[in-house]
Amino acid sequence: MLLKARATILAVFDLDGTIIDSRRDLADSANEMLAGYNAAPLDEQSIASMVGSGAATLVKRVITAAGVDAPLEEALARFISLYDLRLTHHTRPYLGITRMLDELRDRHISIALLTNKPLHQSVKILEAFELAKYFRWIVGGDGPWPRKPFPDGIRFLMKQASAGPSETILIGDSAVDLQTSRNAGVRICLTRYGFGYVDFPAADLSGDEALVDTPAEIAWVLHARR
């Protein structure tokens, strides 16, 4: 699944598990929240598997798994406050991300970010690693559009870039991203290196997806090939 060079290409990236590895900071924040309720911590991979549908869904899954009986709104506020303090303690871009984004920018590919993470947290993380400059448009999970897998956010980005479905590709690591691409009628590149791809339901794949194991391969997928 390769895109033509002569097309106006829009590359829409997910954040967690695609651009950054944020597992430990998310898990540490969730476990500190649980500690405030005198609950036992969950292991990092279990929490990572709950990421992808927004902070509220993550917190609901965490407190349910830990057996915490607390109002979701209260637990969510605690989590967001705690996570705000450790956004980049251990979080890092995946190796090769900057080089890949440089290559896409040099090829005049339009680059956007579509994440279910709150916008202010997303921007802070991107700025911390000098990555914000690559993204012409950034849509967070707390914006005016429904979160992924609803297609509204990516359709907004397509309109901004004047790109049609055949000219757009979503790059992400999870089943949520896959469903988003299908709902929007756009192509998908799945990052098998991302933590959202762990235990990915293989039965959900149709065979039309591009699958990559390194950020460098994302640039290859977007190269001019026939």
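The figures here come from the full heavy-atom set of this structure, side chains too, leaving out hydrogens, waters and symmetry mates.
- Closest non-hydrogen pair, Ile218 versus Tyr193, comes out as CD1-OH, 3.6 Å.
- Within the structure, the side-chain hydrogen bond (donor to acceptor under 3.5 Å, both in side chains) test picks out the following pairs touching residues 139-161 (sequence neighbours left out): Asp14-Lys148, Lys148-Asp177.
- Annotation for Lys133 and Glu130: closest pair CE-O, 3.4 Å, computed over non-hydrogen atoms.
- Heavy atoms of other residues, nucleotides or ligands lying less than 6.0 angstrom from CZ of Arg136 number 12 at most.
- Between Arg182 and Glu209 there is a salt bridge, with a side-chain nitrogen of the basic residue lying less than 4.0 Å from a carboxylate oxygen of the acidic one.
- Here the side chains of Lys117 and Asp16 are in contact, with some heavy-atom distance below 4.5 Å.
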(request) Applying side-chain hydrogen bond (donor to acceptor under 3.5 Å, both in side chains), run through Asp173 and Thr191 and close with a yes or a no. (result) CA-CA 5 Å; Asp173 67 313; Thr191 58; 5.0 Å; no
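- The two atoms that bring Glu74 and Ala70 nearest to each other are OE2-CB, 4.2 Å, heavy atoms only.
- Contact between Val12 and Thr168 at its shortest, heavy atoms only, is CG2-CG2, 4.2 Å.
- With contacts defined as side-chain heavy-atom distances shorter than 4.5 Å, the pair Ser110/Trp137 qualifies.
- Asp102 and Arg99 are not joined by a salt bridge, as no carboxylate oxygen comes within less than 4.0 angstrom of a charged side-chain nitrogen.
- Taking the side chain as every heavy atom from C-beta outward, Tyr83 and Ser22 approach each other to under 4.5 Å.
- Side chain of Tyr197 to main chain of Gly17: no donor-acceptor pair is present (N/O by atom type, distance under 3.5 Å, no hydrogens or angles).
- Inter-residue side-chain proximity for Val186 and Met158 is flagged as met; some heavy-atom pair is nearer than 4.5 Å.
- The backbone N or O of Asp213 lies less than 3.5 Å from a partner atom in the side chain of Glu217, making a donor-acceptor pair.
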Please list, one pair per line, the donor and acceptor atoms closer than 3.5 Å that link side chains of residues 44-69 to other protein atoms, with sequence neighbours excluded.
{"from": "Ser46", "atom 1": "OG", "to": "Asp43", "atom 2": "OD1", "distance (Å)": "3.1"}
{"from": "Ser46", "atom 1": "OG", "to": "Asp43", "atom 2": "OD2", "distance (Å)": "2.7"}
{"from": "Ser49", "atom 1": "OG", "to": "Ser46", "atom 2": "O", "distance (Å)": "2.6"}
{"from": "Thr57", "atom 1": "OG1", "to": "Ser53", "atom 2": "O", "distance (Å)": "3.4"}
{"from": "Arg61", "atom 1": "NH1", "to": "Met50", "atom 2": "O", "distance (Å)": "2.8"}
{"from": "Thr64", "atom 1": "OG1", "to": "Lys60", "atom 2": "O", "distance (Å)": "2.7"}

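- Side chain of Ser81 to main chain of Arg78: no donor-acceptor pair is present (N/O by atom type, distance under 3.5 Å, no hydrogens or angles).
- Rounding to the nearest 0.5 angstrom, the gap separating the CG atom in Leu222 from the CD1 atom in Ile171 is 5.5 Å.
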Scan the side chains in residues 23-35 for donor-acceptor partners under 3.5 Å anywhere in the protein, sequence neighbours excluded, and list what turns up.
{"from": "Arg23", "atom 1": "NE", "to": "Asp21", "atom 2": "OD1", "distance (Å)": "3.0"}
{"from": "Arg23", "atom 1": "NH2", "to": "Asp21", "atom 2": "OD2", "distance (Å)": "2.7"}
{"from": "Arg24", "atom 1": "NE", "to": "His90", "atom 2": "NE2", "distance (Å)": "3.4"}
{"from": "Asp25", "atom 1": "OD1", "to": "His90", "atom 2": "N", "distance (Å)": "3.2"}
{"from": "Asp25", "atom 1": "OD2", "to": "His89", "atom 2": "N", "distance (Å)": "3.2"}
{"from": "Asp25", "atom 1": "OD2", "to": "His90", "atom 2": "N", "distance (Å)": "2.9"}
{"from": "Asp25", "atom 1": "OD2", "to": "Thr91", "atom 2": "N", "distance (Å)": "2.8"}
{"from": "Asp25", "atom 1": "OD2", "to": "Thr91", "atom 2": "OG1", "distance (Å)": "2.7"}
{"from": "Ser29", "atom 1": "OG", "to": "Asp25", "atom 2": "O", "distance (Å)": "2.8"}
{"from": "Asn31", "atom 1": "OD1", "to": "Leu42", "atom 2": "N", "distance (Å)": "2.8"}
{"from": "Asn31", "atom 1": "ND2", "to": "Ala27", "atom 2": "O", "distance (Å)": "3.3"}
{"from": "Asn31", "atom 1": "ND2", "to": "Leu42", "atom 2": "O", "distance (Å)": "3.0"}
{"from": "Glu32", "atom 1": "OE1", "to": "Arg86", "atom 2": "NH1", "distance (Å)": "2.9"}
{"from": "Glu32", "atom 1": "OE1", "to": "Arg86", "atom 2": "NH2", "distance (Å)": "3.1"}

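- Of all non-hydrogen atoms in Ile97 and Ile19, the two that sit nearest each other are CG1-O, 3.5 Å.
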(message) Please evaluate residues His108 and Ile9 with respect to the criterion side-chain contact (heavy atoms from CB on, under 4.5 Å), reporting the C-alpha separation (whole Å), side-chain torsions for both, the decisive distance (0.1 Å), and the verdict.
(response) CA-CA 8 Å; His108 306 292; Ile9 300 173; over 6 Å; no
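- Taking 4.5 Å as the limit, every side-chain heavy atom of Cys189 sits out of range of all side-chain heavy atoms of Leu170.
- Across Leu113 and Leu157, no two heavy atoms sit closer than the pair O-CD1, 4.1 Å.
- No side-chain heavy atom of Met100 sits under 4.5 Å from any side-chain heavy atom of Tyr134.
- Summarising the geometry, atom CZ belonging to Arg187 is positioned 12.5 Å from atom CG belonging to Leu10; distances are rounded to the nearest 0.5 Å.
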